[in-house]
There are 2 protein chains.
Amino acid sequence: MVASAATVDGVFRALSDPTRRDVIARLTRRPASVSALAEPFDMALPSLMQHLGVLESSGLVRSTKTGRVRTYRLVPKRLQVAEHWLAAQRDLWERRMDQFESFANSMESEQ
Amino acid sequence: MVASAATVDGVFRALSDPTRRDVIARLTRRPASVSALAEPFDMALPSLMQHLGVLESSGLVRSTKTGRVRTYRLVPKRLQVAEHWLAAQRDLWERRMDQFESFANSMESEQ
DNA sequence: GATATACTAAGGTTTTTACCTTAGTGAGTG
DNA sequence: CACTCACTAAGGTAAAAACCTTAGTATATC
């Protein structure tokens with residue numbers, strides 16, 4: 001389950017904006033309509049909708065329209081794309097630290 | 001240990017580019033000079049250096065110069081800024097699932 | 001059926017990004 | 001001390017991002 005570079009790009013890019021992270025954080029709690037999501041921001045509605053577009057095209061969020069209300073919900077699986085990439089780096093880093101430690105230990109035991 | 005929005009922005013932004021993620025991945029293994037980092041890319045050196053600048057100003061990476069060689073190394077702690085944000089979302093999401101489950105269970109037991 | 005509500009479409013501006021080229025500078029090397 | 005090597009400085013271009021305003025278009029509601 002290795003996400004393509006473009007997918008990872010999109011996810012990290014989407015998360016690099018504080019407005020969008022705030023939207024994600026709120027959708028983590030519950031689904032919400034466009035206007036509910038827009039309410040706390042001092043921003044024109046179309047601007048916020050652009051952010052929603054970025055989130056949706058990154059796959060972090062999905063929306064459906066019922067009547068005149070469009071409801072957004074989180075796609076938690078998509079957050080894993082970022083989590084996995086970070087976990088892979090951590091793993092490598094820890095291996096490196098282990099190597100370094102065993103090297104340091106072998107130096108010590110040779111004295 | 002809550003990172004400021006600007007800090008989180010910078011980290012996610014830095015990770016949103018495949019060239020920069022590749023640099024990070026390589027620095028996770030070992031420190032490297034500018035030219036070593038640039039070598040695999042089909043990109044003019046100054047362009048790659050711009051990426052290194054972005055990484056360094058996000059705090060994900062640190063550099064020191066010895067003689068004419070500048071060496072870059074990872075700052076693994078900075079990756080945690082992203083990990084922590086994601087973990088917080090996962091935590092909230094899981095709480096929500098728990099609530100949903102206990103709600104579903106209580107519905108069931110009322111039948 | 002008029003009015004309000006919840007988006008959506010279109011298009012404009014400013015800033016930032018991601019590249020480039022060309023031209024240095026300072027540190028090693030023969 | 002000329003030359004190469006590893007960066008660095010400066011500045012230029014094209015595309016994308018993040019806002020905005022203004023003007024729709026469907027649903028609901030009275």
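Proteins come first, then strands; the chains are lettered A, B, ... in the order of their sequence lines, and each starts at number 1.
- Mapping A/Arg13 and A/Lys65 onto DNA chain C by nearest heavy atom places A/Lys65 closer to the 5' end of the strand.
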Candidate pair B/Ile24 and B/Leu55, rule side chain to side chain contact (heavy atoms under 4.5 Å, CB included), full reasoning = CA-CA 8 Å; B/Ile24 291 284; B/Leu55 286 171; 3.8 Å; yes
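- At least one side-chain heavy atom of A/Glu56 sits under 4.5 Å from a side-chain heavy atom of A/Ser63.
- Salt-bridge formation is not detected for the pair B/Arg13/A/Asp17: no Lys NZ or Arg NE/NH1/NH2 atom is positioned less than 4.0 Å from an Asp or Glu carboxylate oxygen.
- Nearest heavy atoms, B/Leu92 versus A/Arg29: CD1-NH2, 3.2 Å.
- Along DNA chain D, read 5' to 3', the first and last nucleotides having any atom under 4.0 Å from a heavy atom of chain B are D/dT4 to D/dA9.
- Interface residues of residues 46-63 of chain A facing DNA chain D, ordered by number: A/Pro46, A/Ser47, A/Gln50, A/His51; criterion, heavy-atom separation under 4.0 Å.
- At most 12 heavy atoms of other shown residues, nucleotides or ligands fall within 6.0 angstrom of atom CZ in A/Arg62.
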Could you walk me through whether B/Lys65 and B/Thr71 pass side chain to side chain contact (heavy atoms under 4.5 Å, CB included), step by step?
-> CA-CA 6 Å; B/Lys65 194 162 187 179; B/Thr71 301; over 6 Å; no
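- A/Glu39 has its CD atom 13 Å from the P atom of C/dC7, to the nearest Å.
- Heavy atoms from other residues, nucleotides or ligands lying under 6.0 Å from CZ of B/Arg26 number more than 12.
- Whole-Å rounding puts the B/Phe41 CZ to C/dC20 P distance at 12 Å.
- Both A/Met43 and A/Thr66 lie near DNA chain D, and the one whose nearest nucleotide falls closer to the 5' end is A/Met43.
- Nucleic acid contact for A/Thr19: none, since no nucleic acid atom lies under 4.0 Å from a heavy atom of the residue.
- Ring-plane geometry between B/Trp85 and B/Phe12 is classed as perpendicular, the angle between the planes exceeding 60 degrees on a 0 to 90 degree scale with a lower cut at 30.
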